[in-house]
Number of protein chains: 2
Amino acid sequence: MGLTFEIVARDAGTRARAGLLHTPHGVVETPTFMPVGTAGTVKGMTQEQLETLGVQMLLANTYHLYLRPGHEVIRDLGGLHRFMGWPHPILTDSGGFQVMSLKGLGRVTEDGVWFRSHLDGSSHFLTPELAVEIQLALGADIIMALDECVEYPASHETLLRAVRLTGRWARRAKNFYTEQQAPADERDSGLGIRNSQTLQSVKPNPDLRISEPALFGIIQGGTDKGLRRESTEELLEIGFEGYALGGLSVGEPKSETYEVAEYTAELLPDERPRYLMGVGTPEDLVECVARGIDLFDCVMPTRNARNGCVFTSEGKLVIKNARYARDEQPLDPACECSVCRRYSRSYLRHLFVAGEMLAGILATHHNLYFYLDTMRKIRQALLFGQFESVGARVRGGPGTASSIQEVVAESHTDEPC
Amino acid sequence: MGLTFEIVARDAGTRARAGLLHTPHGVVETPTFMPVGTAGTVKGMTQEQLETLGVQMLLANTYHLYLRPGHEVIRDLGGLHRFMGWPHPILTDSGGFQVMSLKGLGRVTEDGVWFRSHLDGSSHFLTPELAVEIQLALGADIIMALDECVEYPASHETLLRAVRLTGRWARRAKNFYTEQQAPADERDSGLGIRNSQTLQSVKPNPDLRISEPALFGIIQGGTDKGLRRESTEELLEIGFEGYALGGLSVGEPKSETYEVAEYTAELLPDERPRYLMGVGTPEDLVECVARGIDLFDCVMPTRNARNGCVFTSEGKLVIKNARYARDEQPLDPACECSVCRRYSRSYLRHLFVAGEMLAGILATHHNLYFYLDTMRKIRQALLFGQFESVGARVRGGPGTASSIQEVVAESHTDEPC
């Protein structure tokens with residue numbers, strides 16, 4: 001096992017829990033938010049800044065690193081942790097979501113998915129085995145089985161097909177992963193690649209085992225509870241060290257995201273970590289922690305920051321607006337981050353208008369602080385039995401009245417961004 | 001007086017000296033290198049990083065800040081130090097160099113210079129008085145008189161005209177500056193703007209005096225020693241708190257840069273700081289400190305960094321080169337900066353190839369460290385009477401053999417960049 005998971009506190013009124021996730025590169029306090037470091041860097045942040053911000057685990061994108069600089073280069077250089085100078089936990093996705101996002105550039109088959117590189121148009125074939133191989137080469141602490149992620153809305157037929165294919169791929173991923181994890185002398189170098197002629201490069205390699213990563217399976221099924229149940233049961237039968245909810249936050253109404261998260265989390269074993277992929281707003285974090293989710297990732301804090309949209313305790317703020325030209329306040333007067341302690345809205349606005357690199361750097365720093373601080377407050381509340389106070393709204397379900405302004409941006413003052 | 005200047009050590013064999021420059025925002029140890037923060041930010045660096053790097057004084061560009069966000073905005077927000085969150089010394093240039101650089105967009109008259117904004121094409125008229133007014137509004141610690149900077153090569157006639165015009169402008173700048181510095185009840189609000197109809201906004205304003213900046217004059221004259229002498233004598237007669245050498249590093253041979261710097265520095269009073277504008281390479285810093293220069297600025301470390309060209313103890317290195325794809329060494333194995341302690345050439349190369357923000361951030365950090373560290377080593381050598389060891393080559397004059405590799409990049413291994 002690459003990781004163990006201890007639950008250290010639970011909320012009495014919701015399914016929220018606080019845990020400790022032990023990985024080869026350190027302990028992650030859950031619930032946790034993972035910033036997205038697509039190409040082995042969280043855009044605009046140094047690794048020192050990420051440490052200062054209290055980032056516990058980063059997400060990196062298999063698809064991007066496979067294409068550039070190449071997983072073999074990173075493996076030969078000692079793995080992703082060493083390559084990017086980040087000695088703390090890393091989770092890599094399977095590459096499936098990115099491949100599916102390449103509209104018209106990808107084609108799904110039983111064996112895997114054909115896709116064309118967005119960089120040079122070159123053709124590649126990603127299989128469940130190759131996705132594991134790449135991630136083992138990268139040496140992440142948590143790796144993901146290849147899934148088929150479907151857009152919203154989708155027909156029942158499409159969802160069903162994706163659920164079943166994701167199940168078969170999950171089994172292949174698990175088999176290949178198990179093979180790789182076995183002592184070298186027990187390995188069958190052909191086993192993992194039996195189904196594909198294209199995977200000549202996929203052979204067990206003891207050198208791949210930079211660490212002992214944990215394999216997570218990804219549950220699909222859209223907003224269809226029956227399919228979510230089927231997908232969950234299939235993955236549970238295969239058995240993974242953690243379970244992710246994929247195919248959410250792809251356009252469905254927020255109430256459905258929450259409902260599916262809650263429904264699916266209840267089907268999962270208590271003792272395994274649960275990861276809600278690609279979610280979401282600070283409010284989503286609270287709502288979904290209350291529904292039993294432990295891990296989150298989202299590009300929102302970093303991408304929004306680079307576009308000049310910052311999260312504050314009073315809502316989102318579009319810093320380029322002329323109204324901030326002479327505003328001496330920090331981005332968020334209630335925030336204690338180093339950006340809010342030093343720089344004004346007027347300066348940030350100037351940097352954005354002038355197209356200066358520092359604009360994105362400072363906004364990213366602030367947004368990540370806001371997300372991580374929100375999560376720290378949630379976890380602390382869980383440890384002290386006070387999640388009720390931040391979770392009052394959550395317990396009542398979406399749309400009820402009482403507020404959680406202490407930790408989460410209220411949407412009523414949001415500026416569109 | 002806005003600043004006092006103490007000389008605390010001298011080299012016996014050269015004109016090099018170490019000093020302390022007392023400004024309203026702190027003491028600057030000279031010789032010093034000022035990173036360029038064009039629009040109120042050193043591109044890619046947070047102010048915290050600049051402090052960590054040991055930056056003592058920043059340069060900001062009057063031209064850019066006048067156009068955006070506007071000096072009045074910055075004045076109203078408490079001045080540039082407060083605006084950009086930099087409580088340490090700042091020097092602003094006069095805007096003259098930028099205006100002259102706008103080929104075809106500028107036109108010099110006796111009264112000042114017409115120019116068109118590179119941002120929106122709007123027409124502006126910059127006079128010696130307005131240049132001082134803008135800089136007072138910005139609230140820098142050291143401000144520069146407007147000069148006419150001439151390209152290389154230029155005819156004697158062109159150089160002579162620029163020297164004389166620069167002299168007349170320097171006198172107007174000094175008069176206007178003196179007027180502004182006088183107690184408010186002694187001021188004549190019309191004095192400084194007598195010569196121009198376009199300067200309706202130029203009126204003495206007690207609020208402008210955020211600090212008490214020191215005014216420096218700029219010596220012109222190209223590579224013509226006679227004209228350099230004339231320009232120097234004129235400025236000395238007017239009297240400034242420091243003297244800058246402008247119009248160098250504009251295309252002339254390096255030997256001429258050094259010769260003019262040496263010749264002109266000898267004409268200047270020992271007790272006033274000397275500033276060589278826009279120079280240069282790490283080697284230039286040593287060469288010109290040896291010739292009596294105290295202050296330097298240059299975009300080279302920051303601009304080169306963003307283009308992937310880094311300075312190392314073994315010469316310049318173009319990090320995008322394929323040869324670094326699997327190079328696990330730091331940018332400079334001899335460097336102790338935080339970038340070299342954490343990141344490899346292979347990672348930096350990947351970041352540049354992938355167009356990631358972190359590429360420019362890390363390279364800028366390293367290059368600034370290299371420059372500032374070079375200057376720290378020079379100053380320390382001066383304090384301990386060991387400048388000879390780093391200055392052997394300098395004392396012998398350009399082109400002689402003995403080396404100063406300990407502190408300066410050797411050019412023989414340079415990659416073209």
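In the text below, chain A, chain B and the rest are named by the order of the sequence lines, each starting its count at 1.
To the nearest 0.5 Å, the span separating CG on Asp327(B) from CG on Leu77(A) amounts to 9.0 Å. Atom-to-atom distance recorded for Ile361(A):CD1 and Ile361(B):CD1 is 3.5 Å, nearest 0.5 angstrom.
When each of Asp76(B), Val42(B), Thr41(B), Val339(B) is checked for heavy-atom pairs under 4.5 Å with chain A, Thr41(B) comes out on top. Of the listed residues (Gly360(A), Ala354(A), Pro87(A)), the one with the most heavy-atom contacts under 4.5 Å to chain B is Ala354(A).
Contacts of Leu362(B) with chain A are made by side-chain atoms alone, with heavy-atom separations under 4.5 Å and no backbone atom involved. Contact of Ala359(B) with chain A is not made at all, since no heavy-atom distance falls under 4.5 Å. Contact annotation for Leu351(A): only side-chain heavy atoms (C-beta onward) come within less than 4.5 Å of a heavy atom of chain B. In this structure, the portion of Leu65(B) lying under 4.5 Å from any heavy atom of chain A is its side chain and not its backbone. Only the side chain of Gln49(A) comes within contact range of chain B, judged by heavy atoms closer than 4.5 Å.
Within residues 340-350 of chain A, the residues having any heavy atom less than 4.5 Å from a heavy atom of chain B are, in residue-number order, Arg342(A), Tyr343(A), Ser344(A), Ser346(A), Tyr347(A), His350(A). Scanning residues 329-338 of chain B against chain A with a 4.5 Å non-hydrogen threshold yields Ser338(B), sorted by number.
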CA sep, side-chain torsions, deciding dist, call: Arg68(B), Val353(A), side-chain contact (heavy atoms from CB on, under 4.5 Å): CA-CA 9 Å; Arg68(B) 189 171 59 192; Val353(A) 171; 3.7 Å; yes
Start with the C-alpha distance between Met357(B) and Thr364(A), add both sets of side-chain angles, then the distance that settles side-chain contact (heavy atoms from CB on, under 4.5 Å), and finish with yes or no. CA-CA 12 Å; Met357(B) 288 172 75; Thr364(A) 300; over 6 Å; no
Give the C-alpha distance, both sets of side-chain angles, the deciding distance and a yes or no for side-chain contact (heavy atoms from CB on, under 4.5 Å) between Lys43(B) and Leu358(A). CA-CA 7 Å; Lys43(B) 291 183 196 309; Leu358(A) 191 56; over 6 Å; no
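Atom CZ of Arg303(A) has 12 or fewer heavy atoms from other residues, nucleotides or ligands within 6.0 Å. Counting non-hydrogen atoms of neighbouring residues, nucleotides and ligands closer than 6.0 angstrom, the OH atom of Tyr324(B) exceeds 12 such neighbours. For Phe352(A), the CZ atom counts as densely surrounded, since its 6.0 Å shell holds more than 12 non-hydrogen atoms of other residues, nucleotides or ligands.
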